[in-house]
Every structure is written in structure tokens, then in C-alpha cells.
Amino acid sequence: MFFRSIFTSAMILFSGSSVVHGANSPGCGKDLPRVQEPGGSYSTNITTKDGRERSYIIHIPSNYDKNEPVPVIFSFHGRTRTAKSQEKLSQFSNEEYNPNAIAVYPQGIKNQWQGDPSSQGIDDISFTLQMLDHFEDRYCIDRTRVYAAGKSNGGGLTNRLACDPTASKRFAAFAPVAGAYYQNVTEDNCRPNTVKIQCNPARTPIPMLAFHGTADETIPYTGGGRRGRCLPSVPHFVREWASRDDLGGKNETTTTNGGKVEVSRFGDHGEVVHYRIEGLGHAWPSTEPNSDNPDGTYVDATPIIMGFFDQWTL
Ligand SMILES: *[C@@H]1O[C@H](CO)[C@@H](O)[C@H](O)[C@H]1NC(C)=O
Ligand SMILES: *[C@@H]1O[C@H](CO)[C@@H](O)[C@H](O)[C@H]1NC(C)=O
Ligand SMILES: *[C@@H]1O[C@H](CO)[C@@H](O)[C@H](O)[C@H]1NC(C)=O
């Protein structure tokens, strides 16, 4: 909610509208769970309130100190993928990109998330909030610096967290990549540039950074009907966030790579940012080849996401 380079942490703590009271989590001062060490990634299970056994991978930064609060970044895999593949794809455990934050890669039931047309009766928002409670009790976390990113169906869940009245107050910023923002509208009635997007965040502005390739054949940039539901066009999705965040209709546009990458920044501090990447398919942008894209593309999404997250605290 605040722009970190302007406001001091004292102002964040004493602000009446601050939604998280006290930055340091109850886990500060506690030893790491047994078997976990700084620098490692660990696959771990948790039993949720609905009695399900769920799992996630957690990466502890090498410089972790139980008395120093650190940010947490959740990274959600795409449908049919796994927590392990998402750790490799999104690179938040790569300390060249992310030296300081705990990174968490949750595992979806049947490798998918709430929000996909075939995921029924699964509450992944509640699962995410339970993981966050669990981490705040066990690790030393800066509760004003919790972030979410995800690919495709995982980008859809990232958006649902931003749109949720409770989760929107626990996460400081969001970064969906090639997000699948399915709306509960039939294909026949799908008007991708005007479809009403269900979204009820409990604070404003919600910082949102969205990447999407124009050659995405899975979740098309122009939206449309898919698997019985309606996908908004990506510009409509982005403009709706700018409108919800009360940033006005205008954006500051910059292009790089001979016009192939167009960046639209809405708001005085770039509260809503969109990267439109010409010719990129359904992929996590990376200049090096990755499991989504053997050719690489013009930009690396992960360091851009890190820079964006670094701007925002609750
Ligand atoms: C962890 O939970 C998963 C289900 O998400 C299950 O398949 C696996 O066996 C569990 N692992 C352990 C060590 O209990
Ligand atoms: C989707 O829309 C249908 C018809 O309007 C409704 O019955 C159903 O409850 C909705 N589902 C969700 C998840 O909102
Ligand atoms: C940002 O503004 C430019 C120039 O008006 C426009 O072409 C582009 O579509 C806008 N971006 C979004 C996401 O609306």
C-alpha cells in the first residue's frame, strides 16, 4: 500500500490504515524446523482445516537469521505442473534473483488450483492463508512483505488472492504470468473486452504486475471462451485493475526490443504494470531457455517481479 522509498517503516507501523499490525511475525527468535537449514529447499506437508494433507516446497535464504524478519514469496505452478517444476521455472530460489526472501511453491490438488473450470470444491485461498499463518508462527517473517506470483492457472489463483477480501490484506503485491483469469460466464455469452470480472479486494490500491505473450495459444491475449468459461482479454483485465485501484484510464507506455516488449504503467508509482511481449507463447518470460520456452525471449520476468515486489509493503 505504501511506496517504500518514500515512507519509513515507522510510518507503516503507526498508520491507521495499516492492515497488518506489527511487522515481525511470532516465529521471530525460533530455531528453523528440524532438518531445515539456510540455503536449502524442503518439501513439506501440512494438514489443512478441511482435513486434507497438502504439500509445498519451501526455500530458506542462505542469509536467514532467526531474529531478522524476511519477506515471503509464494509461487504457484501452472495446471498439470508441480511445485518442483515451478521452483525451477520461476527461479525464486535462485539467490542471484532473490537473496533475502523465503520462497514457497505450493502443490495443487490434481496439479491444479481453484479457479480452473475443473477444480470444484477446493478452497486454495484458505489453503494459502493457512500456509501463511503456519509460516508466520515458525519463521521470522516481515508480515508487511508477503507476495504472490504464479503461472497460468497459478496466475489465476494469484489474481484470486488479490481479489479476496481477506487475502488482499495479507499480501502486499501480486505478479501473475500468462494468467488464466476464468470468469463464471458461459462461452456463448463471453465478451472478452467487457466481461464483468469478479473481484472484491479489501484495500486499495492493490499493486499488480501482469505479464502476457501475444502468441499465447493456451490463454490467448485477446481472451475468449475456453473450456466452457470466459477469459477476459488481457488489456481488459489490466484496465479493470487500474480502474479498481482508481489510477485513471491513462498509462505511461514504454517499448523496448524494437517494439516487441510494451510496458504499460498505470498510477504515479506504477501500481499496475503490464508487460505485453510480442510473439511469446504460454511462457514464463526468460532470456535463457526454460521448460516453457526453448528459445528464450526478450526479458526475464523474475528480476522484474523482484524489483516490483521490493517497491511495496502493506
Ligand atoms: C504429503 O502429501 C502428499 C499429498 O499432497 C502425499 O502424496 C505424500 O505422501 C505426503 N508425504 C508425506 C511424507 O507424508
Ligand atoms: C456460476 O454461475 C452459475 C449460474 O449463474 C451459478 O449457478 C454458480 O453458482 C456460479 N458458480 C460460481 C463458482 O460462482
Ligand atoms: C497503454 O496506453 C497505450 C497508448 O495509449 C495503449 O496503446 C495501450 O493499450 C495501453 N495499455 C493498456 C494495458 O491498456
Side-chain angles (χ1 to χ4, degrees), residues 33-36 42-48 50-58 76-77 81-84 86 104-128 130-131 134 156-157 159-160 163-164 176 179-190 192-200 208-214 221-223 225 227-230 232-245 247-256 259-267 270-278:
R34 277 189 334 145
V35 315
Q36 295 189 5
Y42 302 92
S43 182
T44 311
N45 279 16
I46 183 172
T47 304
T48 57
D50 60 3
R52 288 176 194 275
E53 187 166 28
R54 302 290 304 259
S55 64
Y56 58 85
I57 294 170
I58 185 165
F76 298 96
H77 62 75
R81 303 290 182 85
T82 62
K84 196 170 162 56
Q86 183 66 10
V104 180
Y105 309 90
Q107 174 61 49
I109 291 174
K110 296 186 186 160
N111 296 342
Q112 64 187 16
W113 304 108
Q114 175 185 359
D116 184 83
S118 63
S119 169
Q120 298 298 329
I122 302 293
D123 189 347
D124 285 314
I125 292 175
S126 158
F127 168 47
T128 302
Q130 268 184 262
M131 279 187 282
H134 181 84
L157 179 59
N159 180 59
R160 287 202 169 212
C163 287
D164 182 76
Y181 314 113
Y182 287 105
Q183 299 301 311
N184 189 19
V185 169
T186 59
E187 287 197 35
D188 289 348
N189 293 314
C190 182
N193 293 316
T194 54
V195 61
K196 183 169 164 41
I197 298 177
Q198 292 294 330
C199 193
N200 301 295
M208 176 67 55
L209 166 62
F211 292 83
H212 220 105
T214 61
Y221 191 85
T222 51
R227 294 175 53 223
R229 297 279 178 90
C230 183
S233 74
V234 175
H236 174 52
F237 169 82
V238 171
R239 287 174 205 141
E240 284 293 288
W241 266 114
S243 156
R244 233 176 262 124
D245 280 352
L247 306 176
K250 292 253 187 314
N251 76 82
E252 185 188 285
T253 313
T254 51
T255 55
T256 61
K260 301 286 192 192
V261 178
E262 182 186 274
V263 185
S264 302
R265 287 168 55 93
F266 294 79
E271 286 88 343
V272 170
V273 182
H274 170 47
Y275 276 70
R276 174 191 191 274
I277 302 173
E278 191 75 39

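Values in this document were obtained by computation on a predicted structure and should not be read as measured data. Along the sequence shown, the residues carry numbers beginning at 1. When a ligand or atom number is given, it counts from 1 through the structure's own listing order.
- A donor atom on one side chain and an acceptor atom on the other are found under 3.5 Å apart for D50 and T48.
- Using cut-offs of 30° and 60° on the angle between ring planes, the pair W113 and H77 is tilted.
- The single protein non-hydrogen atom nearest to atom 1 (C) of ligand 3 is N251 ND2, 1.6 Å, given as residue, atom name and distance.
- Distance check for atom 7 (O) of ligand 2: every protein heavy atom is found at 4.0 Å or beyond.
- Distances shorter than 4.0 angstrom occur between a heavy atom of E53 and an atom of ligand 1.
- For the pair I122/R52, a side-chain contact is recorded, criterion being any heavy-atom separation below 4.5 Å from C-beta on.
- Only one option out of T82, I58, I57 pairs with Y105 in a side-chain contact (heavy atoms from CB on, under 4.5 Å); it is I57.
- Summary of contacts: the protein heavy atom closest to atom 9 (O) of ligand 1 is N45 ND2, 4.8 Å.
- Counting protein heavy atoms only, atom 14 (O) of ligand 3 is closest to R239 NE, 2.7 Å.
- Proximity of W241 to ligand 3, defined as any heavy-atom pair under 4.0 Å, is not found for any part of the residue.
- Geometrically, R54 engages F127 in a cation-pi contact, judged by NZ or CZ lying under 6.0 Å from the ring centre and within 45° of the ring axis.
- Ligand 3 places these atoms under 4.0 Å from at least one heavy atom of S264: 1 (C), 10 (C), 11 (N), 12 (C), 13 (C).
- Side-chain contact between P192 and H236 is absent, with no heavy-atom pair separated by less than 4.5 Å.
- At a distance under 4.0 Å, a protein heavy atom can be found next to atom 12 (C) of ligand 2.
- At a threshold of 4.5 Å between non-hydrogen side-chain atoms, the residues F76 and P106 count as touching.
- Near T253, with a cut-off below 4.0 Å to any heavy atom, the atoms of ligand 3 are 1 (C), 2 (O), 3 (C), 4 (C).
- At the shortest separation from atom 5 (O) of ligand 2 among protein heavy atoms lies N184 ND2, 4.9 Å.
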